[in-house]
Number of protein chains: 2
Amino acid sequence: MSLAESISQLRIGSGPEQEIARQQFAQFIQKKGLKQTQQRALVLEVFLGISGHLTVQELAEQMKTHEPNIGLTTVYRTLRLLVESGVAEERHFTDGQARFEVAKLGTHHDHLICTVCGNIFEFEDDEIEARQNKIATDRGMTIRRHRHEIYAECDSPNNCPNNSSTQTSSSS
Amino acid sequence: MSLAESISQLRIGSGPEQEIARQQFAQFIQKKGLKQTQQRALVLEVFLGISGHLTVQELAEQMKTHEPNIGLTTVYRTLRLLVESGVAEERHFTDGQARFEVAKLGTHHDHLICTVCGNIFEFEDDEIEARQNKIATDRGMTIRRHRHEIYAECDSPNNCPNNSSTQTSSSS
DNA sequence: CTATCTGCAAAGGTTTTGCAATGAC
DNA sequence: GTCATTGCAAAACCTTTGCAGATAG
């Protein structure tokens, strides 16, 4: 089957993190009494293979290069399962679209978003994390999670790999 | 006209912050060659009068108590102008809906959200702001704005004024 | 074989757009 | 008088749901 071949191909070049994610998802599927299907495997592999913050549309596009018959609905449903299983994380930036990224367990990474080219960088700062904890504990509260997004303009567009493509019309 | 009367009424009780916002919006309108209309004034006044994070629907509802004929489209369009002018800020929490809040000029207020009672506190931390700036400038970027939300649980529910109800109003 | 899964189409909800009439300047 | 603005309806958009056929266990 070409679908199975695609999945095997995609697996080449994967690291230990991907392996953990696969096991995590497989366990989740079993525990819930669900079934392991080729479509789910494909969604997982494509998702793991792409590092970034993907919309469902972008993911579905990539998916279709491997299996044109895959339905948008399946991508949505599988993505929800991936979030439930802890493999993926769902985020909402300023546009109305949901974006998904690989959940990196333990490491908090926040986002620096370029308002010129839409590029998304990740950052982490222990000092900020520490101050956050203080802010919460000062009020007798315990942090569950947090979200930190910085929207900035790149001074030199060379920074941004995709400054000439996918422009979102903004002029001010 | 009842619309004008509504606007006048709404203005009563406003503080200096609202006055600044009005001027800012008026300047924006003029600079852009746009026109000052009663609908825009009403949207602005209702928006300024409500402290909180409102969806367009909620705002439109409030609007209709003053002027039933106002269209949802106008609310959307005016809200966009308010964001452009810097008077309002648009946010996206986990649901798909956009929420708007009054942009408090100069003072960055970030959010500490209690996951137990839904209360929203505001905080500000110079150290965090400084680290943010460094993160952006290190990559040759200039910060336009940022978004920092901490989700936490209150240890002692007494902290939270509205832990027993579902109020979203703040007491400052 | 049975229960889940898939893909299509249709529905759901939020936001945008086209257009004739209205209103601001 | 001119050009932006309004409100309605319709479209566009993202996401979910219903259903008959296909598939995993």
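Keep in mind that what you see is a predicted model, and the values were worked out from it rather than measured. Labels below follow one simple rule: chain letters A, B, ... track the order of the sequence lines, proteins then strands, and each chain is numbered from 1. Both backbone and side-chain heavy atoms feed into the values below; hydrogens, waters and symmetry mates do not.
- Of the residues near DNA chain D, A/A98 and B/N69, the one whose nearest nucleotide (by heavy atom distance) lies more toward the 5' end is B/N69.
- Ion pairing between A/R131 and B/E127 fails under the 4.0 Å rule for side-chain N and carboxylate O.
- The two residues A/E90 and A/A98 make their nearest non-hydrogen contact at OE2-CB, 3.6 Å.
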Reading nucleotides 16-21 of chain C from 5' to 3' and marking B where a protein heavy atom lies under 4.0 Å of the base, S where only the sugar-phosphate is that close, and - otherwise, the string is BB----
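- Projected onto DNA chain C by closest heavy-atom contact, B/R99 and A/V75 fall at different nucleotides, the more 5' of which corresponds to A/V75.
- End-to-end axis angle for the helix from C/dG13-D/dC13 to C/dC25-D/dG1, using five pairs per end and rounding to 10°, comes out at 30°.
- Of the N and O atoms on the side chains of B/H148 and A/Q132, at least one donor lies less than 3.5 Å from an acceptor on the other residue.
- Between A/F25 and A/F28, the ring planes are parallel. Angles under 30° get that label, and only those over 60° would be called perpendicular.
- Taking 4.0 angstrom as the limit, A/T37 places a side-chain polar atom (N or O) nearer than this to OP1 or OP2 of C/dT6.
- Residues A/R139 and B/L112 have side chains in contact (heavy-atom distance under 4.5 Å, counting atoms from C-beta outward).
- Between B/I70 and A/L34, the one whose closest nucleotide on DNA chain D sits nearer the 5' end is B/I70.
- Proximity of B/Q36 to the phosphate of C/dA24: no side-chain N or O atom is located under 4.0 Å from OP1 or OP2.
- Taken to the nearest 0.5 Å, the OG1 atom of A/T55 stands 8.0 Å off from the CD atom of A/E61.
- Rounding to the nearest 0.5 angstrom, the gap separating the OG1 atom in B/T74 from the CG atom in B/N69 is 10.5 Å.
- Comparing C/dG7, C/dT4, D/dC14 by their closest approach to the side chain of A/K35 singles out C/dT4.
- Residues B/L48 and B/A21 share a closest heavy-atom pair of CD2-CB, 3.8 Å.
- In this structure, the CG atom of B/L79 is 16 Å from the P atom of D/dT5, given to the nearest Å.
- With sequence neighbours excluded, the residues satisfying ring-ring contact (aromatic ring centres under 6.0 Å, His included) with A/H53 are A/H111.
- The phosphate of C/dT15 (OP1 or OP2) has no side-chain N or O of B/Q97 nearer than 4.0 angstrom.
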